[in-house]
Amino acid sequence: MTPSTYDEWRHCIVVKCGLQLTPEFIQQRLSALRDENDYQTLRFREMWGVEHLRQVITWFEKAENER
């Protein structure tokens with residue numbers, strides 16, 4: 001299932017994957033996702049598309065602002 005809302009995405013990250021949305025983790029992910037030359041970002045974009053990549057960046061930014 002691909003999350004379509006922030007709450008679904010957060011649930012996937014925190015509950016299903018067991019990851020903590022710490023400031024460090026958020027910054028690492030934002031840095032990688034914003035880097036168009038990052039291998040993982042290239043693979044993410046190939047698999048999920050540019051629009052979903054942008055949405056995930058927006059969700060990480062929202063999580064960052066909640067702290």
Side-chain angles (χ1 to χ4, degrees):
M1 176 183 115
T2 304
S4 59
T5 67
Y6 174 75
D7 290 333
E8 290 174 354
W9 171 82
R10 187 177 178 83
H11 180 81
C12 284
I13 296 289
V14 175
V15 177
K16 291 185 176 182
C17 295
L19 299 171
Q20 296 297 314
L21 288 170
T22 64
E24 295 81 15
F25 177 73
I26 292 169
Q27 279 304 308
Q28 289 172 350
R29 294 307 306 138
L30 281 172
S31 179
L33 291 168
R34 290 174 177 152
D35 181 354
E36 294 181 9
N37 297 313
D38 182 270
Y39 176 76
Q40 294 297 335
T41 300
L42 291 170
R43 299 272 298 138
F44 185 99
R45 190 173 63 213
E46 286 176 16
M47 180 174 258
W48 299 102
V50 174
E51 289 305 315
H52 189 65
L53 173 61
R54 288 181 187 144
Q55 185 61 67
V56 169
I57 290 171
T58 299
W59 289 333
F60 270 109
E61 289 170 343
K62 180 173 181 171
E64 180 179 46
N65 290 329
E66 288 182 343
R67 296 221 155 251

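Hydrogens, waters and symmetry mates are skipped; everything else that's a heavy atom, side chains included, is used. FYI, the numbering just counts along the sequence from 1.
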Identify each donor-acceptor pair in which a side-chain atom of residues 10-29 lies under 3.5 Å from a protein atom, sequence neighbours left out, and give them as a table.
unit_1: Arg10; atom_1: NH1; unit_2: Tyr6; atom_2: OH; d: 3.2
unit_1: Thr22; atom_1: OG1; unit_2: Phe25; atom_2: N; d: 3.1
unit_1: Gln27; atom_1: NE2; unit_2: Glu64; atom_2: OE2; d: 2.1

*Neighbour count >12 (heavy atoms, 6.0 Å) for atom CD, Glu66*: yes
_Taking every non-hydrogen atom, the tightest pair across Trp59 and Pro3_ = CH2-O, 3.5 Å
*Could you give the distance from OG1 (Thr58) to CG (Leu30), rounded to the nearest 0.5 Å?*
9.5 Å
*side-chain hydrogen bond (donor to acceptor under 3.5 Å, both in side chains) involving Ser4 - partner list, sequence neighbours excluded*: Glu8
*asked:* Any side-chain to backbone donor/acceptor pair from Asn65 onto Glu61? Under 3.5 Å, distance only.
replied: yes
Residues 39-51 side chain polar contacts: donor-acceptor under 3.5 Å, at least two apart:
unit_1: Thr41; atom_1: OG1; unit_2: Ala32; atom_2: O; d: 2.5
unit_1: Thr41; atom_1: OG1; unit_2: Asp38; atom_2: OD1; d: 3.4
unit_1: Glu51; atom_1: OE2; unit_2: Arg54; atom_2: NH1; d: 2.8

